[in-house]
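Heads up, the thing below is written out as structure tokens.
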Amino acid sequence: MTSNARTAVITGASSGIGTAYAEQLARRGSNLILVARRKDRLEALAAKLAKETSRKVEVHVADLAKPEDLRSVEKLLSDRDDIDLLVNNAGLGALAPAVQANADAVENLVLVNVVALTRLSLAAVRSFQKRNNGTLINIASVIALAPTPGGAAYSGSKAYVLNFSRSLELECAKTDVAVQTILPGPVHSEFFEQSGITKPMFPEHLYMTADQLVATSLRALDLKESVCFPTLADTGLWEEYDGARKKFAKAITTTGVPAPRYS
Ligand SMILES: NC(=O)c1ccc[n+]([C@@H]2O[C@H](COP(=O)([O-])OP(=O)(O)OC[C@H]3O[C@@H](n4cnc5c(N)ncnc54)[C@H](OP(=O)(O)O)[C@@H]3O)[C@@H](O)[C@H]2O)c1
């Protein structure tokens with residue numbers, strides 16, 4: 001299918017941050033393809049946004065943990081040249097200490113947070129590079145920077161998202177394809193409930209709303225920030241942190257000789 005209209009694919013659009021992306025992108029003038037498992041929610045959102053914004057809003061029901069459903073979204077990204085934005089937002093926490101964690105739930109987390117995000121990113125970047133135009137937004141978390149007891153797989157998956165997305169960003173640096181990584185702190189959504197957590201995990205003042213998060217992230221995109229920490233006032237701190245990482249990387253890659261303390 002060929003269209004010149006700008007179309008955004010948003011995964012996990014049935015709730016929380018994904019719904020907020022859908023609402024704000026439609027109001028900014030994008031046509032939308034909404035992806036998630038809960039068809040009723042996607043259809044209600046699509047009808048509401050089509051009515052309020054006159055944009056074209058399609059629904060694509062898919063369980064991203066299932067290979068055939070995942071392939072159907074990849075195919076959309078490969079076949080449709082009207083798609084120029086992918087928001088890889090679908091994700092889950094499966095939060096629990098390792099001794100209590102359900103291994104199937106953790107595998108499901110890896111399939112959605114890592115495998116699906118990876119395959120969809122590859123499909124999107126390939127299409128965007130062919131046309132030398134497009135934006136990929138991957139949702140990580142501040143937890144990407146912090147090993148977290150009780151959230152080992154979640155923290156690991158988001159560290160993957162950060163490194164994977166930044167590597168793609170470097171690959172795309174000389175093109176007109178943009179890759180943005182968002183690292184939110186706590187956001188009010190169904191996220192914690194999905195892990196069976198009913199009491200707030202953090203003090204209320206640490207949370208932002210999904211609307212605030214998305215407005216901040218889209219503003220960061222306008223400012224061409226490829227890595228966005230929505231609450232970070234002093235961006236020099238991130239440069240310092242990333243600079244320390246580069247300095248450390250240099251220190252561990254200057255020789256193949258084992259360090260003296262190991263002899
Ligand atoms: N909330 C926070 O504090 C927070 C902080 C940092 C980062 N994040 C990240 O933000 C993203 C969105 O989370 P949220 O807070 O908006 O949580 P949420 O309200 O629970 O929304 C999660 C979304 O992911 C979709 N999803 C889950 N499993 C899926 C599957 N197998 N196939 C397709 N879609 C699936 C859900 O849709 P269906 O159930 O309808 O399929 C839902 O739309 C996640 O990547 C999360 O890790 C959240």
Side-chain angles (χ1 to χ4, degrees), residues 5-62 64 73 76-77 80 82-93 112-113 116-117 120-121 123-125 128 134-142 144 158 161-162 165 177-191 194 207-231:
R6 184 175 179 271
T7 301
V9 174
I10 304 164
T11 69
S14 60
S15 168
I17 295 168
T19 298
Y21 264 108
E23 287 177 344
Q24 294 188 34
L25 287 170
R27 290 186 214 299
R28 279 183 171 224
S30 285
N31 296 323
L32 303 176
I33 303 175
L34 309 177
V35 180
R37 293 167 299 182
R38 286 172 290 183
K39 187 179 179 203
D40 52 341
R41 286 202 183 194
L42 294 182
E43 285 180 345
L45 180 62
K48 173 180 167 264
L49 292 180
K51 190 171 169 209
E52 288 175 5
T53 66
S54 306
R55 306 317 308 169
K56 187 176 169 202
V57 187
E58 299 166 67
V59 162
H60 188 95
V61 177
L64 296 175
V73 186
L76 270 181
L77 292 163
R80 290 216 2 203
D82 59 322
I83 296 171
D84 61 2
L85 174 63
L86 168 64
V87 186
N88 260 322
N89 161 77
L92 62 147
V112 177
N113 294 15
L117 177 136
L120 297 182
S121 296
V125 163
F128 297 165
T135 301
L136 169 65
I137 300 176
N138 283 347
I139 310 297
S141 162
V142 287
K158 294 302 186 180
V161 174
L162 177 61
S165 309
V177 176
V179 180
Q180 189 196 39
T181 313
I182 309 290
L183 297 96
V187 176
H188 284 301
S189 72
E190 295 169 20
F191 177 81
Q194 293 296 331
Y207 286 81
M208 63 171 71
T209 64
D211 278 339
Q212 281 176 312
L213 172 73
V214 171
T216 306
S217 303
L218 291 176
R219 180 73 188 121
L221 195 62
D222 297 338
L223 295 171
K224 300 197 186 309
E225 276 188 16
S226 57
V227 178
C228 166
F229 293 91
T231 61

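Positions are given from 1 along the sequence.
- We find that Asp222 and Arg28 are joined by a salt bridge, their nearest charged nitrogen and carboxylate oxygen being less than 4.0 Å apart.
- Taking the side chain as every heavy atom from C-beta outward, Gln180 and Cys228 approach each other to under 4.5 Å.
- When all heavy atoms are compared, the tightest approach of Leu45 to Ala13 is CD2-O, 3.4 Å.
- Considering every non-hydrogen atom in both Ala20 and Ala210, the closest pair reads CB-O, 3.7 Å.
- Within the 4.5 Å cutoff, no side-chain heavy atoms of Asn31 are placed close to those of Glu58.
- A salt bridge is absent between Arg219 and Glu225; no separation between the charged side-chain nitrogens and carboxylate oxygens falls under 4.0 Å.
- Scanning all heavy atoms of the two residues, the minimum distance from Ala22 to Leu32 falls at O-CD1, 3.4 Å.
- Looking at Leu25 and Leu218, their side chains come closer than 4.5 Å, going by heavy atoms from C-beta outward.
- If you take CG on Leu34 and CZ on Arg41, they are separated by 13.0 Å, rounding to the nearest 0.5 Å.
- The one candidate from Thr209, Asp211, Val214, Leu213 that meets the side chain to side chain contact (heavy atoms under 4.5 Å, CB included) condition with Val187 is Leu213.
- Taking both residues in full, the closest heavy atoms of Leu42 and Ala36 are given as CD1-N, 3.5 Å, listed atom of the first, atom of the second, then distance.
- For Asp40, the salt bridge (Lys or Arg N to Asp or Glu O under 4.0 Å) criterion is met by no residue, not counting sequence neighbours.
- Looking at Asn89, its side chain does come within 3.5 Å of a backbone N or O of Thr11 through a donor-acceptor pair.
- Nearest heavy atoms, Gly16 versus Ser189: CA-CB, 3.9 Å.
- By the side chain to side chain contact (heavy atoms under 4.5 Å, CB included) test, Phe229 pairs with Val142, Leu145, Leu183, Val227, Leu232, Trp238, sequence neighbours left out.
- Val161 is not listed as a side-chain neighbour of Asn113, based on a closest heavy-atom distance of 4.5 Å or more.
- Contact check for Asn88 versus Leu136: side-chain heavy atoms found under the 4.5 Å cut-off.
- Between the side chain of Lys158 and the main chain of Ile139, a donor-acceptor pair closer than 3.5 Å is present.
- Note that the CG atom of Leu86 and the CZ atom of Phe128 stand 6.0 Å from one another [nearest 0.5 Å].
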Next on the checklist: If you apply the rule side chain to side chain contact (heavy atoms under 4.5 Å, CB included), what do you find for Gln194 with Ser15, and how did you get there?
Outcome noted: CA-CA 11 Å; Gln194 293 296 331; Ser15 168; over 6 Å; no
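- In this structure, OG on Ser30 lies 6.0 Å from CG on Leu85, to the nearest 0.5 angstrom.
- Looking only at side-chain heavy atoms (C-beta outward), Val9 and His60 stay at 4.5 Å or farther from each other.
- Of all heavy-atom pairs between Ala46 and Val59, the closest is CB-CG2, 3.7 Å.
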Checklist entry - So Ile137 and Ser217, side chain to side chain contact (heavy atoms under 4.5 Å, CB included) or not? Walk me through it. => result CA-CA 9 Å; Ile137 300 176; Ser217 303; over 6 Å; no
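- Side-chain contact between Arg55 and Leu49: absent, with no pair of heavy atoms (C-beta onward) separated by less than 4.5 Å.
- Looking at Glu23 and Lys48, their side chains come closer than 4.5 Å, going by heavy atoms from C-beta outward.
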